[in-house]
Number of protein chains: 2
Amino acid sequence: MSTISTLGYALLSLLARGELSGYDIARQMKAPIGYFWHASHSQIYPELARLERDGYVGHQVVEQHDRPDKKVYSLTDAGREALRTWVTSPLDVPSVRDELVLRAFSLWLGDRREAAALFREHERRHEAQLEEYQAIEAHIKGQSARLPSIDSPEFAAYATLQRGMGYERECAAWCRWVAEQLEGGPV
Amino acid sequence: MSTISTLGYALLSLLARGELSGYDIARQMKAPIGYFWHASHSQIYPELARLERDGYVGHQVVEQHDRPDKKVYSLTDAGREALRTWVTSPLDVPSVRDELVLRAFSLWLGDRREAAALFREHERRHEAQLEEYQAIEAHIKGQSARLPSIDSPEFAAYATLQRGMGYERECAAWCRWVAEQLEGGPV
DNA sequence: TCCCTCATGTAAAAGGTTACATGATTTA
DNA sequence: TAAATCATGTAACCTTTTACATGAGGGA
C-alpha cells in the first residue's frame, strides 16, 4: 500500500474527524493544526489524489447549483488504520529552523535600535497569536467545566492548543528578553 | 550581487566569527547554532561556492601533510555588510512543522499506553537536550560573573542558548503534561 | 465594474535529505 | 583488520513555495 508522507498523515488527520473537500482542508490548514503543519492547496490536491490512488481515501462528487461542484473525501478503513498506527510509531525529534534565532546569533553586527525594534515586533506578534489561542481556550472552557475525555478528538485538539500557547508564550518571552537587553545595555 | 538564501546567511554568520573550512562549518552546524538551522555538508559545499561566486566569501587553500588539504573560507567586506543588514531586516514569523504535535491531534485514535510511552520518550529527549544547554550555560557563567557585552559574539551565542533552553523546557513540559493525561485518565 | 469567495488543478523553481564517490591517516 | 576522522564534492530524490490557469456567483 506504499508509504505515506507526513503531509499525507496531516490530511488523514483532518479527514478522520469528518468528510472534507480539498478546499475545506486548505482552510482547516490555518487553525489550529495548520500552526504546526501548514500546507497550501497546490500541495493538498495532488496529495489527495495520491492517497486515493493508494486506497487510503475515497471521494464523492457533490453537485452544487450556486457554486462549483466539489469532491468530498473520506477515509477508507485502510486510511484509518494507517493513521492509527502512525500516531504511536517511533519518531525522531525534529530539527528546528527559526530564522530569528539565527539572526540573534549575529546580533552583535547589527544596529542596536533596529534589532530592538525587530524583536519587539516579534514579541507583539507572538503575543497576538497567544491571545488568539487563549480566546479559543476560553471558548472550550466555557462549554464545559472539565476537560474533554482523553479518547475524544476534542481533547486531542485541546492538547495541540496547549502546545500552541506554550510555544507562543516562550517565543514572546525570549523576544522580550532580547529586546530588553538591547534597550537597557550601555551605549 | 544577487540574493542570499537563509542557508547562505547561516554560513556567513559562522564565518563572521572566524575563518573556517566547509568541513569545520559542517561540524559547527551541530551546536549551538545548528539546533536552530541545520545543514549537512552536501548543502554547505555548493553554497560556499555560490557565496564565493557572488563575492561574499573568499578562500585560501591550506596544505596539510598528515591530512587532506583544505579550503579555508573568510568573509569579504560585501559578505560582512550583507550579513549586517540582514540581521535587522523585516522578517515574517516562521511556519512551524512539528510532527509530534500533528500526532497529538490524532491521539484519540491510537493506543493509550503506546502514546504515553512515545510522549515520555520525547520528554526524556528534550530534558536531555536541556541539560546539555545548561551545562554550556554553567560553563559560560563559570568564566565571568556578569553577562558578556551586548555587542559581543559571546552575548549573541548566549541569546541563542537562552532560546534553546526555553524551547526544550517548554517541549518537555508539554510532553509530560500529555503523558500524564494519558496515564492518569479513566480506563 | 471590480474584487472576494468557492472550487480544482498544473508547472516551475527553490530548498533539503539521502545516497554515491574517493582517499589518506589514525585509533581500537 | 576494521572503523572512525579529516576533507571535498556530485546526483537523485523528495518536499515546499510561488506562480500560472480557469470560471461562476455574490457583494460593494
Side-chain angles (χ1 to χ4, degrees), chain A residues 2-11 19-30 34-54 57 59-73 91-99 102, chain B residues 2-11 14 19-30 33-54 57 59-73 91-99 102:
Chain A
S2 91
T3 55
I4 303 175
S5 66
T6 308
L7 171 66
Y9 286 113
L11 305 189
E19 300 185 331
L20 292 167
S21 68
Y23 190 85
D24 292 332
I25 291 178
R27 265 187 314 176
Q28 295 273 117
M29 274 295 167
K30 277 162 194 168
Y35 291 117
F36 287 99
W37 206 278
H38 180 262
S40 59
H41 77 276
S42 63
Q43 258 189 304
I44 292 166
Y45 290 119
E47 185 63 32
L48 282 170
R50 220 169 295 137
L51 291 170
E52 182 160 45
R53 186 201 60 194
D54 296 341
V57 303
H59 86 266
Q60 265 185 286
V61 175
V62 173
E63 284 174 39
Q64 297 180 121
H65 34 279
D66 57 338
R67 40 182 82 175
D69 296 350
K70 60 179 175 181
K71 294 183 182 177
V72 174
Y73 287 86
L91 175 67
D92 279 331
V93 285
S95 72
V96 185
R97 279 200 164 85
D98 189 325
E99 191 174 327
L102 188 61
Chain B
S2 92
T3 55
I4 303 175
S5 66
T6 308
L7 170 66
Y9 286 113
L11 305 191
L14 285 167
E19 301 186 330
L20 292 168
S21 68
Y23 190 85
D24 291 332
I25 292 177
R27 264 187 317 179
Q28 295 274 116
M29 274 294 167
K30 277 161 193 166
I33 196 184
Y35 292 118
F36 287 99
W37 206 279
H38 179 261
S40 58
H41 76 276
S42 62
Q43 260 189 302
I44 292 165
Y45 291 118
E47 186 62 34
L48 282 171
R50 219 170 295 135
L51 290 170
E52 181 159 46
R53 185 201 63 196
D54 296 343
V57 302
H59 85 266
Q60 265 185 285
V61 175
V62 174
E63 283 174 41
Q64 299 180 119
H65 33 279
D66 57 338
R67 38 181 84 178
D69 295 352
K70 59 180 177 179
K71 295 184 183 177
V72 174
Y73 287 86
L91 175 67
D92 279 332
V93 284
S95 73
V96 186
R97 281 202 162 85
D98 189 324
E99 190 173 326
L102 187 62

Student: What's the closest nucleotide to the side chain of B:H38 if the choices are C:dT17, D:dG9, D:dA7?
Tutor: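 Looking only at side-chain atoms, B:H38 lies closest to C:dT17.
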Student: Nearest heavy-atom pair of B:I4 and B:L51: which atoms, and what distance?
Tutor: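 Distance-wise, the nearest heavy atoms are CG2-CD2, 4.0 Å.
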Student: Which listed nucleotide (C:dT8, D:dT18, D:dC6) is nearest to the side chain of B:R27?
Tutor: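 The answer is D:dC6.
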Student: Please figure out whether A:K70 or A:P46 has its closest DNA chain C nucleotide nearer the 5' end.
Tutor: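 Closer to the 5' end of DNA chain C: A:K70.
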Student: Does A:T6 make a side-chain donor-acceptor contact with the base of D:dT15, cut-off 3.5 Å?
Tutor: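 Per atom types, no contact qualifies.
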Student: C:dG15 C1' sits how many Å from B:Y45 OH, rounded?
Tutor: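 B:Y45 atom OH is separated from C:dG15 atom C1' by 20 Å.
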Student: B:Q28 CD to D:dC6 P: how many Å, rounded?
Tutor: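 The distance from CD of B:Q28 to P of D:dC6 comes to 13 Å, rounded to the nearest Å.
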Student: Using a 6.0 Å cut-off, check whether atom CD of B:Q64 has over 12 heavy atoms from anything other than its own residue.
Tutor: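 Yes, because the 6.0 Å sphere around CD of B:Q64 holds more than 12 heavy atoms from other groups.
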Student: Is the backbone N or O of A:H59 less than 3.5 Å from a side-chain atom of A:E52, with the two atoms forming a donor-acceptor pair by type?
Tutor: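 Side chain of A:E52 to backbone of A:H59: a pair is present.
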Student: Taking the nucleotide of DNA chain D with the nearest heavy atom to each, does A:L7 or B:D24 sit closer to the 5' end?
Tutor: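 Taking each residue's closest nucleotide, the earlier one in sequence belongs to B:D24.
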Student: So, does B:Q64 get its side chain near the phosphate of D:dA7, meaning an N or O under 4.0 Å from OP1 or OP2?
Tutor: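 Indeed, a polar side-chain atom of B:Q64 lies that close.
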Student: Counting only side-chain N and O atoms of A:R97, is one of them less than 4.0 Å from OP1 or OP2 of C:dT17?
Tutor: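 Checking C:dT17 against A:R97, a side-chain N or O does come within under 4.0 Å of OP1 or OP2.
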Student: Hey, is the side chain of A:S42 pairing donor to acceptor with the base of D:dT16 inside 3.5 Å?
Tutor: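 Answer is no: no donor-acceptor pair is held.
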Student: Measuring from the side chain of A:P68 (C-beta onward, heavy atoms only), which nucleotide among D:dG23, D:dG9, C:dG9 has the closest atom?
Tutor: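 So the side chain of A:P68 is nearest to D:dG23.
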Student: If the cut-off is 4.0 Å, is A:R67 near the phosphate of C:dT8, judged by side-chain N/O to OP1 or OP2?
Tutor: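 For C:dT8, neither OP1 nor OP2 has a side-chain N or O of A:R67 closer than 4.0 Å.
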Student: Please report the distance, rounded to the nearest Å, between CD in B:E99 and P in D:dT16.
Tutor: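 Answer to the nearest Å: 10 Å.
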Student: For a quick test of reading the model, state the closest non-hydrogen atom pair linking A:A39 to B:R97 and the distance between them.
Tutor: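 Nearest heavy atoms, A:A39 then B:R97: N-NH2, 4.4 Å.
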Student: Taking the side chain of A:S40 as heavy atoms from C-beta outward, which of C:dG9, C:dG15, D:dT17 is closest to it?
Tutor: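 Nearest listed nucleotide: D:dT17.
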Student: What's the CG-C1' distance between A:L20 and C:dC6, to the nearest Å?
Tutor: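 Going from CG in A:L20 over to C1' in C:dC6 covers 15 Å.
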Student: Where is the tightest heavy-atom contact between A:G8 and A:E47, given as atom of each residue plus distance?
Tutor: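 So the two residues come closest at CA-OE2, 3.5 Å.
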Student: When you measure from the side-chain N and O atoms of A:Y23 to the phosphate of C:dC6, is any distance below 4.0 Å, counting only OP1 and OP2?
Tutor: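 Yes, A:Y23 has a side-chain N/O under 4.0 Å of OP1/OP2 on C:dC6.
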Student: More 5' along DNA chain D: B:D69 or A:W37, using each one's nearest nucleotide?
Tutor: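 Going by which nucleotide is closer to the 5' end, it is B:D69.
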